[in-house]
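Read the structure below first, then the notes.
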Amino acid sequence: QVQLVESGGGLVQAGGSLRLSCAASGSIFSINVMGWYRQAPGKQRELVGTITRGGSTNYADSAKGRFTISRDNAKNTAYLQMNSLKPEDTAVYYCNAELRPHFWSSSYDYWGQGTQVTVSS
């Protein structure tokens, strides 16, 4: 099986920073794209940003300029550095990976179970 595990969430004051990690494990041949999404209570899950294997990034407008996505391909791990946090950033943050478990298989979409980020005012 493939597993994605997020870590690094917690409580932070507005203007502060957090760094989230997402570690993929299990059957992994390659990971093309990894991404971060978030979901606040009563709202739909939304894109935060993505990063390709080669390091190309894409961000939602809400994250652009404040958040930075990176990855360590050797560790199958993606990171989300969040700076200048705002109360509206409060949500459960989920890791996503477009992952190919075997050389002979197709790629599939995998999700972590999420980590809570709470930003106080």
Side-chain angles (χ1 to χ4, degrees):
Q1 302 121 315
V2 172
Q3 186 177 21
L4 302 180
V5 179
E6 303 96 334
S7 62
L11 176 65
V12 65
Q13 292 187 6
S17 299
L18 282 175
R19 181 176 172 86
L20 307 183
S21 298
C22 171
S25 62
S27 298
I28 302 172
F29 176 74
S30 64
I31 304 175
N32 185 27
V33 180
M34 301 188 76
W36 288 95
Y37 296 74
R38 67 186 184 185
Q39 187 168 23
K43 298 183 179 180
Q44 293 186 332
R45 189 171 300 185
E46 66 177 7
L47 171 73
V48 176
T50 61
I51 184 167
T52 69
R53 184 171 60 252
S56 297
T57 55
N58 181 62
Y59 298 97
D61 289 340
S62 60
K64 197 172 299 181
R66 299 187 299 126
F67 295 0
T68 302
I69 296 175
S70 60
R71 63 188 284 177
D72 186 335
N73 292 334
K75 296 181 178 180
N76 292 320
T77 299
Y79 305 93
L80 178 64
Q81 178 68 47
M82 302 186 292
N83 299 324
S84 302
L85 283 163
K86 305 173 182 179
E88 50 262 44
D89 294 319
T90 296
V92 177
Y93 283 71
Y94 296 91
C95 180
N96 168 263
E98 180 185 312
L99 187 151
R100 189 177 180 183
H102 306 283
F103 77 94
W104 44 262
S105 70
S106 299
S107 294
Y108 302 94
D109 217 36
Y110 296 89
W111 291 91
Q113 293 186 340
T115 184
Q116 177 70 47
V117 171
T118 302
V119 184
S120 65
S121 59

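Both M34 and V2 are part of a single hydrophobic cluster, where members link through side-chain heavy atoms under 4.5 Å apart. When the side chains of ILVMFWY residues are joined at heavy-atom separations under 4.5 Å, either directly or via intervening members, Y59 and I51 end up in a single hydrophobic cluster. Hydrophobic cluster membership is shared by M82 and V12, with clusters built from Ile, Leu, Val, Met, Phe, Trp and Tyr side chains linked at under 4.5 angstrom. V92 and Y79 fall into different hydrophobic clusters, where Ile, Leu, Val, Met, Phe, Trp and Tyr side chains are chained together by heavy-atom contacts under 4.5 Å.
Between I69 and T50, every side-chain heavy-atom pair lies at or beyond the 4.5 Å cut-off. A 4.5 Å side-chain heavy-atom check between E46 and Q39 finds every atom pair outside the cut-off. Using a 4.5 Å cut-off on side-chain heavy atoms (C-beta onward), L85 and Q13 make no contact. Side-chain contact between N32 and R100: absent, with no pair of heavy atoms (C-beta onward) separated by less than 4.5 Å. The closest side-chain heavy-atom distance from D89 to V117 is not below 4.5 Å. When side chains are defined from C-beta on, I31 counts as touching I28, because their heavy atoms get closer than 4.5 Å.
Ion pairing between a basic and an acidic side chain is recognised when a charged N comes within 4.0 Å of a carboxylate O; K64 and D61 show such pairing.
The SG atom of C95 lies 5.0 Å from the CH2 atom of W36; values are rounded to the nearest 0.5 Å. To the nearest 0.5 angstrom, R71 atom CZ is 10.0 Å from T77 atom OG1. Expressed to the nearest 0.5 Å, how far CZ of F67 lies from CZ of R19 amounts to 13.5 Å. Atoms CG and OG, on L4 and S25 in that order, are 7.5 Å from each other to the nearest 0.5 Å. Here NZ of K43 is found 8.5 Å from CD of E88. Values are rounded to the nearest 0.5 Å. The CG atom of L80 sits 11.0 Å away from the CD atom of E6 when rounded to the nearest 0.5 Å.
Within 6.0 Å of CD in Q113 there are 12 or fewer heavy atoms belonging to other residues, nucleotides or ligands.
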Candidate pair S27 and Q1, rule side-chain contact (heavy atoms from CB on, under 4.5 Å), full reasoning: CA-CA 6 Å; S27 298; Q1 302 121 315; over 6 Å; no
Test side-chain contact (heavy atoms from CB on, under 4.5 Å) applied to K86 and S62, step by step: CA-CA 10 Å; K86 305 173 182 179; S62 60; over 6 Å; no
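Under the 30°/60° scheme for interplanar angles, the aromatic rings of Y108 and Y110 are found to stand perpendicular.
Closest approach of Q116 and T90 over heavy atoms only: NE2-CG2, 4.0 Å. Nearest heavy atoms, A91 versus A40: CB-N, 3.8 Å. The shortest non-hydrogen separation linking L47 to A60 is O-CB, 3.3 Å.
Using modelled atom types, one finds a donor on one side chain and an acceptor on the other under 3.5 Å when comparing N83 with S17.
The ring pair (Phe, Tyr, Trp, His ring centres under 6.0 Å) test with Y37 singles out one residue from Y93, W111, Y94, and that residue is W111.
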